[in-house]
Amino acid sequence: MAKESDQLSPDQMRRRKESAVSVDVSGPHVRARRFAVADLTEADRALAADFGYKPVFKREFGYFAAFSFAVSISGTFSTIATTLVYPLQAGGSASAVWCWLISGAGFAELVSAYPTCGGLYYTVSRLAPKEWVPSISWVTGWLNLLGQVAGVASSEWGASAFLLAAIAIGTDFRYEPTTGQTVGVMAGLTVVTGLVNSLSTYWMEKITKWYVVFHSLVIVTCSVALLAMAQPGNGTGKHAARYVFTDTHNVSGWTPQGWSFLFGFLLVSWTMTDYEATAHITEEIREPELKAPWAISLAMLFTYVVGWLFTIVLCFCMGDVDSILGSRIAQPVAQIFFNILGKTGGMVFTICAFVIIKFVTFAAMQALGRTVFAFSRDRLVPFSNVWTKILPLTGTPILAVWISVFFCIAINLIGLGSYTAILGVFNVCAIALDWSYCIPIFCKLMFGKFEPGPWHMGRLSIFVNSWACIWTVFVTVIFIMPTIRPVTAANMNYVIVYLAGILLFSTLYWFARGKNYGKRFYTGPLVESGEHVDSDAVRDEDGAEHKKSLDQEV
């Protein structure tokens, strides 16, 4: 009996091919599923036809919401307050001010060219030679995953520290938070972040949309209040400009001073990182090839300028450095708020810092959950079929969100044994994320396979991309070094332990699981699984490819 497809004219076959694309990742196997292209938006049509992925998220984010999301990742007000301790210990006010000014790089054009929730990990499949794609994307993916988990975990730790600092200020410092209490509050706050991220994209967009307005108002009002209230010459007040831009106070124990000075780069690197998180929600952004890179670029400029100015304000108003570094609440910037603005003002802006950094965790967890989903879609992580489950009620990868919550809490439990080990989480966030960004950029420069999207930097691209790679190598050397000398078990930099651990695990996982996992199963992002149904190459759980005819039941 002749098949229906044998009786169709060439024109009918062409129209039928154009009416369907395939890929279903919601079950334990990757199987073909037909759905009408006519029912999809232009962005979803491109996602299915060009990138081989079935659209599963609603596109709720527009220009303003995408920009607010990108700004929220930095959490400028709160992240500066969280990490200002590093330049103050290592190089004083001058380190904080000048390290911020020096830093900066760009990669948004890659997001425009490859707008999927796999982020820059996915771009490796289009930028590297085919035979190298599995290994390079594997390393890139695991580094990115480590960086994102560390980013959310360190932000949750910062949120806990701000909340307890506000309580301490409210009790006139009769209460002094302990590390154990900080860990406990952190765990509770991370669960709250998981609950918020269990909501639909519609509500996530509403929560995120006006964040940038609130954040901007807090920075402006706090800066004005500090500059107006700080009094010169009282030991806790306003410094002269000469002090702000030239003081090189160093209590780190490192010599020479020039080397110690460089530790100030952690302040800006931790604040101005994870912008690629916006790429991980591109499947929830309308016209992502334009809006995502636009949001990333504008948010980077916003954070760069506003962050530098706010750092200068804090350096003008911080008073005696040794005094705020020795604060009983272990939060130097909250101590500055209290010293200058008193009990009420100190509490208000410390609570504002808490609220802002919670917005950071909401946005970062959304990106992390989508990353776990995307990596599971490509079988990069264990039990991949589980983390691709979409909750029908909300349209979110619910299990991917909650496994992320679990690991963010787990990594912070290290703080029960060593507070210094937690500081390494901040470092590893910057290093792992920056390397996961620079690997695709290096492939772009090396192999010449890049095809620009609607947004790109033109002739400036090669210079900016080259500088990004050089800069990443430079700051990596700094960030793996201990920030305090002499080095002991209590103050060593544990970032190298985290990096070695994740790379060792990913390497063992690559080789250990035989044909079902690792190098014989994982072949990189599923860039070929979105062909039209009549010639679709569909991968099963063993990584084999099978052909499905147009009229075959799926």
Side-chain angles (χ1 to χ4, degrees), residues 70 73-74 98-115 118-130 132-133 135-144 147 258 261-279 289 292-305 307-308 427-481 499:
I73 288 295
S74 73
W98 295 113
C99 285
W100 189 286
L101 184 65
I102 293 170
S103 295
F107 56 83
E109 63 179 347
L110 294 179
V111 178
S112 176
Y114 311 112
L120 295 185
Y121 145 84
Y122 178 88
T123 68
V124 170
S125 66
R126 300 297 179 94
L127 299 173
K130 185 175 182 180
W132 291 4
V133 166
S135 57
I136 297 177
S137 63
W138 183 273
V139 173
T140 303
W142 278 102
L143 283 173
N144 188 269
F261 186 92
L262 298 177
F263 286 110
F265 285 120
L266 181 59
L267 167 66
V268 61
S269 294
W270 193 70
T271 302
M272 294 190 67
T273 194
D274 206 16
Y275 282 105
E276 190 247 2
T278 308
E289 69 282 358
W294 176 88
I296 290 173
S297 301
L298 193 58
M300 290 181 72
L301 178 61
F302 174 91
T303 301
Y304 180 71
V305 174
W308 187 56
N427 288 17
V428 78
C429 168
I431 293 175
L433 285 176
D434 286 351
W435 273 102
S436 73
Y437 303 159
C438 277
I439 290 173
I441 293 174
F442 180 80
C443 291
K444 172 181 177 289
L445 293 171
M446 181 62 66
F447 302 116
K449 298 180 63 178
F450 177 67
E451 296 180 5
W455 193 102
H456 57 91
M457 293 181 289
R459 294 182 178 180
L460 289 176
S461 176
I462 188 171
F463 300 105
V464 174
N465 294 164
S466 299
W467 173 246
C469 294
I470 294 169
W471 181 258
T472 299
V473 173
F474 170 68
V475 296
T476 297
V477 174
I478 300 170
F479 291 166
I480 63 175
M481 303 297 291
L499 284 172

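Model, not experiment: these values are computed from the prediction.
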Under 4.5 Å between any side-chain heavy atoms of Trp435 and Val139, yes or no?
no
Contact check, side chains of Asn144 and Tyr437, non-hydrogen atoms, under 4.5 Å
yes
Using the rule given for side chain to side chain contact (heavy atoms under 4.5 Å, CB included), can you reason through Thr472 versus Ile441, listing the C-alpha separation, both sets of side-chain angles and the distance that settles it, and then say yes or no?
CA-CA 11 Å; Thr472 299; Ile441 293 174; over 6 Å; no
Could you walk me through whether Trp471 and Asp434 pass the side chain to side chain contact (heavy atoms under 4.5 Å, CB included) test, one step at a time?
CA-CA 10 Å; Trp471 181 258; Asp434 286 351; 6.0 Å; no
Enter the distance from Phe261:CZ to Ile478:CD1 here, rounded to the nearest 0.5 Å.
10.5 Å
Does any N or O in the side chain of Tyr304 come within less than 3.5 Å of the main-chain N or O of Ala299, such that one atom is a donor and the other an acceptor?
no
Of the non-hydrogen atoms in Leu101 and Trp308, which two are nearest, and what is the gap between them?
CB-NE1, 3.7 Å
Please report the interatomic distance CD1(Ile136) to SG(Cys443), rounded to the nearest 0.5 Å.
4.0 Å
Show your reasoning for whether side chain to side chain contact (heavy atoms under 4.5 Å, CB included) applies to Leu143 and Leu499.
CA-CA 8 Å; Leu143 283 173; Leu499 284 172; 4.3 Å; yes
Would a line drawn from the ring center of Phe447 to the ring center of Trp132 be shorter than 6.0 Å?
yes
Nearest-0.5 Å distance that lies between atom CG in Leu298 and atom CG in Leu301:
6.5 Å
Nearest 0.5 Å, please: how far is CD1 in Ile439 from SG in Cys469?
9.5 Å
Taking CZ in Phe442 as the centre, count heavy atoms belonging to other residues, nucleotides or ligands within less than 6.0 Å. Is the count above 12?
no
